[in-house]
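Here's the structure, in structure tokens; my notes come after.
By convention here, the first residue in the shown sequence is residue 1. Predicted model only: the values in this text are computed from it and were never measured. Values reported hereafter were calculated over all heavy atoms of this structure, with side chains retained and with hydrogens, waters and symmetry mates removed.
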Amino acid sequence: MKCHPKMLLFAALLLAAAFFPNAGIAFAAVEAAQNKPADEEKETEYGEDEYNAYDAASKEPDFSKRGDMLLAFIDKYPKSSLMSYIKPAYENLLHECSQAKQFNLLGPLAEKWLKLNPGNIQTLAYIAEAAEKLGQDQKCVDTLEAIYKIEPSGAMAVNILQTYRKIKNQAKISEWTEKIFKMPEYDADFGLRYEFVTRYMQEKNTLKAAEYARLTLKSADLVKDPSKDVQDQIRKVRYACFLVIGTSLYEDGKFAEAIKNLQQSLQFEKHGEPYYYIGMCQWKQDQIEEALLSFARAELQGGEIAPQAKEKVEQLYKALHNNTTIGIEKIYKKAKGE
């Protein structure tokens, strides 16, 4: 499957916060205010208690207490000229909690901030990060969807899909996969489509598996300049997809078309299964001698299908040779030679 770069769940959102204004800046503002003309003092004037409340809050080392103190300042002094320093101070608090991995504090602090700043993507990202780290997967994915509604992107859609896979919500997995399939940047993501091939094969839904196998092959054709490892992956995926399509056509009674796809699979990998189903298709069309050779080739490849192929070789050979296996080695010699 296509090698996907490992995306950190919130790498696109949780960028390192810039340095925020601190108490020193506020103090400088106080000094500047003292030197301004009297008619300008009203714009920057604030009381000593007001400044001390801000200063104490911004310097409080305990994250939880600092959050409470900053929020208390907002509640008590909503029109303060120091308010322009409170917002970056609280955002810096959230950043520090994230960096310190204090996720049990980060979530509640971010939720309180979101109530005052609804729709803020960075705050939502902190909530999602905390939920993910604390194993609150449903809350995490709900928050990611809220981010997607505000700012949709392919990367976020993939993050949402991965989280729904984690909680095994199949309906949501299908919903978000279909969304991603429609995004041009993922047209060549054959691995994403191949996952559905394997899923439906495990569920023994060959028809749906074949549908996604065809989509996988189309995506694989769009891969540009694949590395050697990706080339190997594509070869294996093409083998499996043509095999799935071939067996689906066999089950549907379209034997000639099935043989064509099964032979295509053998262009990429040599295993017993394609030969076996080619033999079954030939048998269904009364091409007994051809079927006999195909079953012999399947047995010679080994693997799980070999015992079944051996039974078919002996069954068909006996039907053609008075119920004996005398001379059957000639069939294997011919199959091996071809």
Side-chain angles (χ1 to χ4, degrees), residues 8-134 136 139-140 143-144 146-151 153 156:
L8 297 176
L9 188 57
F10 310 107
L13 293 168
L14 301 180
L15 301 177
F19 291 105
F20 295 99
N22 52 30
I25 296 176
F27 186 72
V30 174
E31 290 184 326
Q34 293 173 346
N35 296 323
K36 285 187 177 182
D39 60 346
E40 294 184 18
E41 288 184 359
K42 290 183 180 180
E43 296 180 6
T44 57
E45 186 177 358
Y46 43 79
E48 183 178 354
D49 290 344
E50 188 176 336
Y51 174 76
N52 289 339
Y54 159 74
D55 189 50
S58 63
K59 293 178 179 179
E60 172 58 50
D62 184 280
F63 292 155
S64 182
K65 290 181 180 178
R66 192 194 312 174
D68 290 340
M69 293 169 72
L70 289 170
L71 291 173
F73 185 97
I74 293 171
D75 186 58
K76 188 173 182 179
Y77 306 106
K79 296 182 179 181
S80 171
S81 58
L82 290 171
M83 196 62 68
S84 61
Y85 299 103
I86 294 294
K87 181 177 180 180
Y90 201 99
E91 290 175 343
N92 191 48
L93 167 64
L94 297 178
H95 174 68
E96 288 183 46
C97 279
S98 175
Q99 292 294 302
K101 304 186 186 303
Q102 295 291 320
F103 302 115
N104 58 323
L105 295 177
L106 176 61
L109 287 169
E111 286 174 0
K112 290 176 183 177
W113 191 241
L114 188 66
K115 289 180 181 179
L116 299 177
N117 301 273
N120 183 279
I121 289 180
Q122 186 171 352
T123 305
L124 285 166
Y126 283 129
I127 294 171
E129 180 191 23
E132 191 268 338
K133 297 298 185 183
L134 295 172
Q136 301 167 351
K139 183 175 182 178
C140 173
T143 309
L144 293 178
I147 295 172
Y148 186 87
K149 286 179 182 178
I150 299 168
E151 191 173 288
S153 69
M156 183 55 66

Please report the closest heavy-atom contact between L70 and A57, naming both atoms and the distance. CD2-CB, 3.7 Å
Distance in Å, I147 CD1 paired with N120 CG, rounded so as to fall on 0.5 Å steps: 10.0 Å
If you look at every heavy atom in G119 and L114, which pair is closest and at what distance? N-CD1, 3.9 Å
Check whether S98 reaches the backbone of L94 with its side chain - one donor and one acceptor, N or O, closer than 3.5 Å. no
Donor-acceptor pair between E50 and Y54 side chains, under 3.5 angstrom: no
Which distance, rounded to the nearest 0.5 Å, do you find between the CG of L93 and the CD of E60? 10.5 Å
Nearest 0.5 Å, please: how far is CD in E132 from OG1 in T143? 11.5 Å
For the side chain of N52 and the backbone of E48, is there at least one donor-acceptor N/O pair under 3.5 Å apart? yes
Heavy-atom pair of closest approach, residues A128 and C140: O-SG, 3.6 Å
Given K112, K76, K115, the one that forms side chain to side chain contact (heavy atoms under 4.5 Å, CB included) with L71: K112
Heavy-atom pair with the smallest gap, counting every atom of I127 and A110: CG1-CB, 3.5 Å
Does a side-chain heavy-atom distance below 4.5 Å link E91 with T123? no
To the closest 0.5 Å, what do you measure between CE (M156) and CD1 (I121)? 8.0 Å
Rounded distance (nearest 0.5 Å) linking atom CG of L106 with atom CD of E111: 9.5 Å
Ring pair (Phe, Tyr, Trp, His ring centres under 6.0 Å), paired with Y90, selected from W113, Y126, F73: W113
Hey, could you give me the CE/OH distance between M83 and Y77, rounded to the nearest 0.5 Å? 10.5 Å
Taking every heavy atom of S64 against every heavy atom of D62, the minimum-distance pair comes out as N-OD1, 3.1 Å
